[in-house]
Structures are given as C-alpha cells and as structure tokens.
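A note on names: the letters A, B, ... follow the listed sequences, proteins ahead of strands, and every chain is numbered from 1. What you see is a predicted model, and the numbers here were worked out from it, not measured in a lab. Just the heavy atoms: all of them, side chains too, but no hydrogens, waters or symmetry mates, feed the values below.
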Protein chains: 2
Amino acid sequence: MYLRCLRKLQTEGVERISSNAMAQRFHLSSSQIRKDLAAFGEFGIRGVGYEVDALANHLRELMGLDRTHGVVVVGVGNLGTALSRFPGLQRDTFRVVGLFDTDPAKVGSEVAGHVVRPTEELADVVAETGARLGILAVPAPAAQASYDLLADAGVTAVLNFAPAQIKERAGTSVRSIDIRVVLEELAHRSIALDVPPTI
Amino acid sequence: MYLRCLRKLQTEGVERISSNAMAQRFHLSSSQIRKDLAAFGEFGIRGVGYEVDALANHLRELMGLDRTHGVVVVGVGNLGTALSRFPGLQRDTFRVVGLFDTDPAKVGSEVAGHVVRPTEELADVVAETGARLGILAVPAPAAQASYDLLADAGVTAVLNFAPAQIKERAGTSVRSIDIRVVLEELAHRSIALDVPPTI
DNA sequence: GGGTGTGAAACCTTTCACAGCT
DNA sequence: AGCTGTGAAAGGTTTCACACCC
C-alpha cells in the first residue's frame, strides 16, 4: 500500500514528503505511517521527511520487485488469455514465460506471443526459465491437479482464479481470488450501503 | 467466510456442528466462532451446537444472498467474456442481465447468450432490469468514465478489474481487484516463504 | 455430559506526545 | 523550527473460563 502511494507521488514529481503530508494526501494517520515505515528501517530524515525515491526503492527491494519474476499460466481459456495479454505481465518485473493447457485444440496455437504447450512440458519450462510464479486459470475441477503440477515443478507462489479450495503444500503458497466470494461481498454492500470499502 | 464453511459442511451432509468441531475442521478458534456467531444473534443450541442449514440461511439473508442480483458487465474483451460465461453469474443469486462495450465491432455480437449493446443503452437496461451490481472489465483509461456511467444508471456496487484508481461517488461503492497488486503480493511471498496466506 | 454465550484477562494495534536529530 | 522514531496510553480483538442451558 505504501509502495502504491509512493509511486503516485513519484508520478507527481514529489521528491520528499513528511508523514503528515502523506497522511493528508492518502487519508491515513501520520503516526501510523511513521510506525510502519520505521519498522522497515530508519528511512526518514528528522526535520525533513521521507525521500520518496529512496523509500520506494527500499520497499520495492523488500517486496522482491527489483528483479524479474517469470510467470507460467495454466489454462488458456478466456481468463487465461486475458491475463496473458495483460501489459503488467510483459514488463521487467513480471514476465510470462509459458502458457499451458490440456486441450489439444489449444495446444500449438499462439496467444500473446507464446505458443500454448501441453501441461506435460510445464516442469521443463519452469526448470529452464527459473519461473517461480504460477497463475491458475483452469476450471474448478482441474485446479488441484494443476496446482500440484506447479508445485512439483518448483513454483513457489500460485495465484488461483478457479473457484476451488486448493490443498496447499509446503513451499508453494496459494492466493485465491474467488469471483463468487467477491460478488457476495458486493451483494452485501449493495444492500448495506454503509459498508466501507476494503483498502 | 463462515458461509463458505457452512456450505462445505452442507455438501458433506453435516446437519449440526459444535464450535469446537468447526474450529478443528477449518483451522479457527472455537471461542472466536462463538463470539462471531453470537453477534449475528443467538443461533447455537447449548449442549448441541449449531444447526448448519438454519445458520447458513440466516447468514445468506444477512448478506442479501436470498434474492437475485442483476449484474451488468461493461467491457467485453477476454476478461469481460470470461466473467460473463462464468457459471456463478448465471444462477439465481447472480444473473448477468446485460453486456456493454463501446467497440462497434463487438456491439451486436452474442456472448454468453446476450447481445452486446452500446454503453449508451446501459442506463435503460439498468432501469428496466433493476440491476444493482456492475462489473468493470474495460482498459484502465476507460475505467472512470465507465464507473460514472454505472453510478449514473443507479448501480450501487461495482467490481472493478481495471488497474485504475476509481474516484468513488456516494451511493456507488467500488471493490477493485488490481492484478498488478496481487502479483506483487505474490512476488513478496515467493521470496519470503514464511508469509501466511490471506484467508 | 456437552456446548453455547459472555464477562474478564491477555494480547495486539493504533494514537498520543515528546525527546532528540537535522 | 520541523519532523522522525519511539515509549506510554488508549483502544480493539482474541482467548480464557465458567455460569447457564439443553
């Protein structure tokens, strides 16, 4: 969240900012900002504030965003295709290094500059490219098997869009986005108009 | 979250469950479960536990999931198409009632059983159908304008997939899923393997 | 006996306020 | 003078433990 705020400040050309100014700008509390940022190390300058660039770089490093992360995408339906084409996945922080599907009709076709490969080749591609991130865009019944495939291949973090509960394995963390759950939260908000949005 | 757990219990045929059993089953704390469920009203039976069906129904009602929610989808690219075809959006809780796009090449085509309409017709469709939920699957630069369109039409909650900061208006709450942010969190996890997953 | 609902205790997070650095 | 970093106070949340009910 702080990184997002700092990036916004960078695009605005702000070079230094105090916890107070930042609190006003982003509707936070200044003491909370100081506590949090101090936890990452002493990055403020007393009497001055925080150096936006230096702090952003520090947080980027802390989050591992200073290197390129290879991403493999399993499932090349509409969702997988949309994600593969997503500009944020073609840059130097995240780069799609392989698309996989079990459907023979899809294997061999080209999507977002990549030839879709059979899932049998996933382990090889992960080994060759050193990819550590995986995206699951398969139907719910195929989710667990695909996750296991990714885990076996050595992927360490998986983003799952299938509405299925993945049985996690040590060394391969999962973050699931279940559209059904998000919609339900939305339904709740639309009937209870005073529910504050999540940050 | 409780509703998800209860649904899982329902599919397993469990009719009654104690806070202790539930805690074990879903890795929660029994006292937390009791406190939370008690907050919704006295739904447990002392000496017995909780009636799964009755509690699920109560929570469903509380979340507004006992009625049908009409959903309009703005943006019929790969993502919009994937979402429109999503089975969870064709049932009696959530039902897509209209697809919209500005691209003349897409307008008139049929996706997931709906004819894609120009965004000019959005307000009419929302008025006719009484839809209160909207999904934004447009490119980032078009996000704010599309949100405003939804807000003007009377939609009360919007799920935004565009990587853009929406300026919210009173009466139309926004929940954004920014794939970039999710990926960054994932990158952090893949380098710091001890970060626990979000529930 | 078994299990909920709930005050009290323990624990954690946020805010306050100020010493100390630039 | 101005602003950070940080102990102390305030405010919340979670766990404990037990009275009370089935």
Side-chain angles (χ1 to χ4, degrees), chain A residues 1-6 8-10 12-63 185 188 192 194-199, chain B residues 1-6 8-10 12-63 185 188 192 194-199:
Chain A
M1 193 263 284
Y2 285 118
L3 194 48
R4 254 184 294 165
C5 295
L6 290 168
K8 196 161 270 178
L9 291 172
Q10 279 180 318
E12 287 167 16
V14 179
E15 292 185 0
R16 285 205 203 110
I17 193 161
S18 73
S19 59
N20 253 299
M22 208 165 156
Q24 281 205 276
R25 178 75 177 69
F26 299 107
H27 308 283
L28 306 165
S29 109
S30 60
S31 52
Q32 186 70 75
I33 293 174
R34 290 200 299 280
K35 265 264 154 78
D36 290 343
L37 296 185
F40 298 136
E42 285 203 20
F43 266 78
I45 308 156
R46 290 173 194 227
V48 178
Y50 298 89
E51 209 83 43
V52 175
D53 281 355
L55 186 55
N57 287 337
H58 186 65
L59 295 190
R60 247 189 288 272
E61 198 181 316
L62 213 85
M63 297 210 42
E185 196 204 304
H188 179 49
D194 50 324
V195 180
T198 45
I199 303 163
Chain B
M1 193 264 283
Y2 286 117
L3 193 48
R4 253 183 297 164
C5 295
L6 290 168
K8 194 160 274 177
L9 292 172
Q10 280 179 316
E12 288 167 17
V14 179
E15 293 185 2
R16 286 207 202 110
I17 192 163
S18 72
S19 60
N20 254 299
M22 209 165 156
Q24 280 204 279
R25 179 73 180 69
F26 299 107
H27 308 284
L28 305 165
S29 109
S30 61
S31 53
Q32 186 70 76
I33 293 174
R34 291 199 301 279
K35 265 263 154 77
D36 290 343
L37 297 185
F40 298 136
E42 285 203 19
F43 268 79
I45 307 154
R46 290 172 196 230
V48 178
Y50 298 90
E51 209 82 45
V52 174
D53 280 355
L55 187 55
N57 287 337
H58 185 66
L59 295 190
R60 246 190 288 273
E61 199 181 316
L62 214 82
M63 299 212 39
E185 196 203 305
H188 178 49
D194 51 324
V195 179
T198 44
I199 303 161

Taking atom CD of A/Glu15 as the centre, does the number of heavy atoms from other residues, nucleotides or ligands within less than 6.0 Å exceed 12?
no
Enclosure of B/Arg60 CZ (heavy-atom neighbours >12, cutoff 6.0 Å)
yes
Using whole Å, what does the distance between atom [atom2] of nucleotide [N] and atom [atom1] of [X] come to?
{"X": "B/Leu37", "N": "C/dT4", "atom1": "CG", "atom2": "C1'", "value": "10 Å"}
{"X": "A/Glu42", "N": "D/dC3", "atom1": "CD", "atom2": "P", "value": "18 Å"}
{"X": "A/Phe40", "N": "D/dG5", "atom1": "CZ", "atom2": "C1'", "value": "15 Å"}
{"X": "B/Glu51", "N": "D/dC22", "atom1": "CD", "atom2": "P", "value": "14 Å"}
{"X": "B/Ile33", "N": "D/dC16", "atom1": "CD1", "atom2": "C1'", "value": "15 Å"}
{"X": "A/Tyr2", "N": "D/dT4", "atom1": "OH", "atom2": "P", "value": "12 Å"}

Any residue meeting side chain to side chain contact (heavy atoms under 4.5 Å, CB included) with A/Glu12, in chain and number order, not counting sequence neighbours:
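Partners of A/Glu12 by the side chain to side chain contact (heavy atoms under 4.5 Å, CB included) criterion, ordered by chain and then number, come out as A/Lys8, A/Leu9, A/Val14, A/Arg25.
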Only counting residues at least two apart or in another chain, list the ones meeting side chain to side chain contact (heavy atoms under 4.5 Å, CB included) with A/Ala21.
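Scan of A/Ala21 (side chain to side chain contact (heavy atoms under 4.5 Å, CB included), adjacent residues dropped) gives A/Ile17, A/Ser18.
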Those residues of residues 14-24 of chain B lying under 4.0 Å from DNA chain C by at least one heavy atom
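By residue number: B/Ser18, B/Ser19.
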Extract from the structure each pairing of a protein N or O with an N or O of nucleotides 20-22 of chain C at less than 3.5 Å, listing the distance.
| residue | atom | partner | partner atom | Å |
| --- | --- | --- | --- | --- |
| C/dT22 | O4' | A/Arg46 | O | 3.1 |

Can you name the nearest heavy-atom pair linking [X] to [Y], along with the distance?
{"X": "B/Met22", "Y": "B/Leu6", "result": "CE-CD2, 4.2 Å"}
{"X": "B/Tyr2", "Y": "B/Gln32", "result": "OH-O, 3.8 Å"}
{"X": "B/Ala23", "Y": "B/Ser30", "result": "CB-N, 3.6 Å"}
{"X": "A/Leu62", "Y": "B/His188", "result": "O-ND1, 3.4 Å"}

Under a 4.5 Å cut-off applied to non-hydrogen side-chain atoms, are B/Ile45 and B/Glu51 in contact?
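In contact.
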Under 4.0 Å, counting only non-hydrogen atoms across every strand here, what does A/Ser31 touch: a base, just sugar-phosphate, or nothing?
base
For each nucleotide in nucleotides 8-13 of chain C, reading 5' to 3', give B when a protein heavy atom comes within less than 4.0 Å of its base, S when such contact involves only the sugar-phosphate, and - otherwise.
B-----
Just verifying a value: how many Å separate A/Ser19 OG and A/Asp36 CG, rounded to the nearest 0.5 Å?
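Nearest 0.5 Å value for the OG-CG distance: 11.0 Å.
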C/dG5 phosphate, OP1 or OP2: any side-chain N/O from B/Tyr50 under 4.0 angstrom?
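Yes, B/Tyr50 has a side-chain N/O under 4.0 Å of OP1/OP2 on C/dG5.
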Using the ring-ring contact (aromatic ring centres under 6.0 Å, His included) rule, collect all pairs that involve residues 25-48 of chain A, keeping only residues at least two apart or in two chains.
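Those involving residues 25-48 of chain A are A/Phe43-A/His58.
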